[in-house]
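Worth saying up front: this structure is predicted, and the values here are computed from it rather than measured.
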Amino acid sequence: MLRSSSGPASLPRVLSRLSLRRPSFHPTRRVNMSGLHVDALNPAILNVQYAVRGELAIKAEEHRETLKAGGDHGLPFDKIISSNIGNPQQAGLDQPPITFNRQIAALMEWPALAEVAKDAFPADVIARAQELQREIGSIGAYSHSQGVPFIRRSVAKFIEERDGYPADPNHIFLTAGASAGVSLLISMLISGPKSGVLIPIPQYPLYTATLAAYSGAGIPYHLDEEAEWATSAPDIEHAIQNARKDGVVPKALVIINPGNPTGALLDETTMEHVVRLCEQHNLVLLADEVYQSNLHSPGTHPFTSFKKVVRALGSSIPLVSFHSISKGVTGECGRRGGYFELANVRDDVRALMYKMVSVGLCPPLAGQIGVDCMVRPPREGEPSYVLWKEETDRTHAALAQRTKTMAARLNALPGASCVHSPGALYLYPRIWLPDAAIEAAHKAGKEPDAFYALELLNETGICVVPGSGFGQKEGQYHYRLTCLCPGVEDYVGALERFHHGFLERYGGL
């Protein structure tokens, strides 16, 4: 059972929006087994909801297919803008891949290419590919279940250089994206329906979906929108106490830093308070740090890892830190590469993790190679460095500028406000909806912000994710949109025209 730190009044709304009700089991129910039916399935999966690819995304794909068919499609737009997901290289978003990474990938797929196209690859690319080939062999073969040992050593060195503290390759698991690691940890932590995991609200729906799949209890704690979506240790403490009153045992605390969907970054003082709170309540800290290189204002909002804070404090809390090649300037979502690092985790627990990942044999080799490229980019003075620096600087600058422009324009709209995002790939504006719009949404059987987002999609082709999919306080409405979309002037202009029209239509102006 969820318990909201904002008070009992918001509990039913949070439950209904995030679909974390525990499944109902009917041991005496007769199941029709003549063919596969829903009644024959694990009832927990009926409670899984993933708003990022939910109703809005499905409708957007229907529109996309209509547009592809050509002819008189009858839609008031000529393209779909996929602002619902952080998928940088998706058609229409078109973040360019890093040349160095793709060159390494090409030579790993077909080593003979180095001879076939002798002048196509810089010397450092050829040397790196040959080094990986010696360590891996064919990428068509399974690797070590925990990931290629050589690449895990590269990850350990990256972490040591980032934090200034040692990292053990044996405590690093390469994964098929960070999501696979999160799913593994939650599956192991949930020992019964009263096992709880503290999750930020708003949160990335991966967490509520995975908890629902394993019949666990989500324990929401609210981020403070008025303080730039700050994380508050007292609010987390309050959520813990409320959960225990309901008989839920908090086992872990999720921190997303930089935040998704908010883009907020934790300062070191707050991080220290969080670590002490985990010590006090014997919590595993799950640090989702996949956006650590997406920093729009690094001078004022730098990233600090929880590994660094835990080591600096000499803390013994169990810490699991996640990273991915899907975000940052790498943006290689489809290759499915990531890792998690364990700190202060017992060897017998780590052995059980190894047993579980071995069931899946190994993470994708393409993703593992992508991780190596992410943690070992070209160094200054190497042939590929200049181009790598130009490409990564260009992507960082474009994301920062779009984020700034979009936040300013959204804040200028009536009935809207938007906290500027110093990190990640998104903005999460709040909207004040007229009573008539809320009434129309309820008549349509939809959450008001989902109703708004569906009308936005149907009128402009812009697909966003309603805040009800991430969680929010009672009576508040938001939506998440990505800052990856090019052509920001046209894109935001369409948002502005729709918003004004929506408010006029429902009596909000």
Side-chain angles (χ1 to χ4, degrees), residues 89 97-98 100-114 121 124-162 166-188 289-290 307 320-328 330-343 345 347-378:
Q89 295 182 32
I98 303 299
F100 176 81
N101 298 7
R102 288 300 180 89
Q103 288 175 329
I104 297 293
L107 291 179
M108 293 303 297
E109 289 285 346
W110 189 26
L113 193 57
F121 300 95
D124 58 335
V125 168
I126 294 173
R128 174 72 66 85
Q130 290 174 343
E131 180 182 42
L132 288 169
Q133 288 158 12
R134 288 192 298 270
E135 295 289 340
I136 297 171
S138 170
I139 67 167
Y142 293 131
S143 75
H144 189 288
S145 293
Q146 202 170 328
V148 174
F150 177 80
I151 297 177
R152 285 189 280 122
R153 290 195 293 272
S154 296
V155 173
K157 185 177 180 183
F158 163 79
I159 293 170
E160 289 173 358
E161 291 177 351
R162 183 194 66 191
D168 187 340
N170 293 320
H171 296 173
I172 293 165
F173 286 69
L174 302 185
T175 55
S179 299
V182 169
S183 181
L184 171 67
L185 265 296
I186 289 179
S187 73
M188 295 181 70
E289 299 175 339
V290 302
K307 167 73 174 297
V320 187
S321 304
F322 304 91
H323 199 9
S324 170
I325 67 171
S326 298
K327 311 305 177 186
T330 306
E332 296 281 5
C333 300
R335 294 183 185 272
R336 308 312 299 136
Y339 71 81
F340 64 83
E341 183 197 17
L342 305 174
V345 173
D347 288 345
D348 55 351
V349 174
R350 182 162 54 88
L352 289 173
M353 290 181 184
Y354 179 79
K355 179 177 73 171
M356 294 305 297
V357 299
S358 68
V359 173
L361 297 174
C362 74
L365 267 295
Q368 294 189 55
I369 292 163
V371 169
D372 190 80
C373 292
M374 177 180 72
V375 301
R376 280 204 302 162

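Side chain of Q368 to main chain of P363: a donor-acceptor pair is present (N/O by atom type, distance under 3.5 Å, no hydrogens or angles). Counting only distance, with no hydrogens or angles, the side chain of S183 and the backbone of A180 share no donor-acceptor pair below 3.5 Å. In this structure a side-chain-to-backbone donor-acceptor pair under 3.5 Å is missing from E341 to V155. Formation of a donor-acceptor pair under 3.5 Å by the R128 side chain with backbone atoms of R376 is found in this model.
Taking CE of M188 as the reference point, atom CE of M356 lies at 7.0 Å (rounded to 0.5 Å). Of the inter-residue distances, the one linking R335 atom CZ with I369 atom CD1 reads 8.5 Å to the nearest 0.5 angstrom. Residue Y339 holds its OH atom at 12.5 Å from CD1 of I325, rounded to the nearest 0.5 Å.
Under the side-chain hydrogen bond (donor to acceptor under 3.5 Å, both in side chains) criterion, E135 pairs with no residue at all, not counting sequence neighbours. Applying the ring-ring contact (aromatic ring centres under 6.0 Å, His included) rule to H171 yields no partners; only residues at least two apart in sequence or on another chain are considered.
The aromatic rings of F340 and F173 lie parallel to each other, their planes meeting at an angle below 30°, with 60° marking the opposite boundary. The aromatic rings of H323 and F158 sit parallel to each other, their planes meeting at less than 30°, with 60° as the upper class boundary.
The shortest non-hydrogen separation linking G181 to F322 is C-CE2, 3.5 Å.
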